[in-house]
Amino acid sequence: MNLEKSSRALFLSIFIIVALAESVNATQDIKKWLRPENIPAPIDNKITPARVELGKFLYFDPSLSRDGTISCASCHNPLIGWSDNQPKAIGIEDREGPRNSPTVLNTAYQIRQFWDGRAKTLEEQALGPIQADVEMDMNLDILLSKLNKNIGYVALFEKAYPSEGITDTTLAKAIATFERTIVSTEAPFDKFIKGDKEVISKSAQDGFKVFTGKAHCADCHDGFNFSDGSFHNIALGGTDEGRYKIRKRAAWFHAFKTPTLRDIAKSAPYFHDGSVKTLKEATTICATGGRYPNGKNVSTFIKDRDLSEIEIDNIVEFMKTLSGKILSILVPTKFPQ
Amino acid sequence: MNRVPILILVVLSFLCAKDYIVDQKGKTFLPAKINAKVGDRLIFKNSDSFSHNAYSDDEGNEFDIGMQSPGQDIAVELKAPATIAVECAIHPNMLLTVEVK
């Protein structure tokens, strides 16, 4: 009898411990998908209203391009998922860039910028497109001289960066600060993960299970931003060497950064070469080993996951739940003079 | 004759060389910081279910272990005194600092 009681007590204890452990794991699992409350910023470029205001003017101002026709927003448009719906970026005089315009959304949380990660910070990134001949093609000295003669900008820079002047550093800092504030808004998935099981369809819920399980999408599209910032050759083919162009490291051959999936339904076409029009096609390519599975340095993450068409459709339905409302910002129509 | 004590020191140094296990787990180097000395080795393990890498571009201690499959162990000898940064080429969020004396 005592033995039976002891056995029951032991069984109950084990049950409670297992239940507690599962509860802790579940909490940890949920936590990693939650949107962070704060936006990270460097110590020497904290986010202030004056810096955001200045950065916003600069971001939308076409006078930052050589011929005054395009701004940062031309390729990174807030109404088009902070991208442009073009396969490749289009610069001044309709010059075509080598890659698809990546979204600016949630770049504050990335530790490498651009498709090939060649910039470590948004400040490092900010001046690249302004000077690139296939983008805004602006000479930086001419731009700084122009801004220094603009009374409106002189006052805004002084307010944002007192006594620092208008330099390449403060120009980059201001644009980076505005970009940093472009973060994803609450999406149906965010409500779902916090417990509202009715807010997304059964198909999307099944898709999330496949996404994090059998399909292994979350091996790379991980965390609240659905990107762990990793670099992979996903076997798309083509001549663009990706991160390998920066340094001839074997692991970087044809490797590109894992993009965020936040608001992904708004920013087709997909991949660094903009070669894919739909999320279904993009998912199918990743989940079947890529276009050229036997290519050099194809990521070991890219494999045929043996998914059914329904499973792929469900993953797409799930990805659509990652779109939030358009970030509420007042787009300037007049610029400092 | 004067070279004998130096030779003894070198031999002793190699005899005392230590191996430090660096596990790649949950896309993190564990531990994230190591204090070692010249001649010691870093033994990279991969406890994740996918590939990793480890490299350093710091002068005197340059290395790149290439693609490391799950379960594979790869050793790297520390060659020069310095503070070196080790990254995973696939996951740039992963950082390891090694103080080599």
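Because the structure is predicted, anything quoted here is derived from the model rather than measured. Numbers restart at 1 for each chain; the letters A, B, ... are given by sequence-line order, proteins then strands.
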- Query: Listed by residue number, which members of residues 92-101 of chain B have a heavy atom under 4.5 Å from any heavy atom of chain A?
  - Reply: B/P92, B/N93
- Message: Sort by residue number and list every residue of residues 51-63 of chain B having at least one heavy atom under 4.5 Å from chain A.
- Response: B/S51, B/Y55, B/D57
- If you measure from the Lys or Arg side-chain nitrogens to the Asp or Glu carboxylate oxygens, is any gap between B/E87 and A/R247 under 4.0 Å? no
- Taking the side chain from B/K27 and the backbone from A/D219, do they hold a donor-acceptor pair closer than 3.5 Å? yes
- Query: Rounded to the nearest 0.5 Å, what separation is found between the CG atom of A/D222 and the NE2 atom of B/H91?
  - Reply: 9.0 Å
- Which value, rounded to the nearest 0.5 Å, describes the distance between A/K303 atom NZ and B/F50 atom CZ? 11.0 Å
- Task: Tell me, yes or no, whether the heavy-atom count around B/R41 atom CZ, taken from other residues, nucleotides or ligands under 6.0 Å, exceeds 12.
- Result: no
- Please name all residues satisfying side chain to side chain donor-acceptor pair (under 3.5 Å) with B/K45, sequence neighbours left out, ordered by chain then number. B/D73
- Note on the structure: If one checks every heavy atom of A/A251 against chain B at 4.5 Å, the contacting part turns out to be both
- Residues of residues 283-302 of chain A under 4.5 Å from chain B (heavy atom pairs)? A/N297, A/T300, A/F301
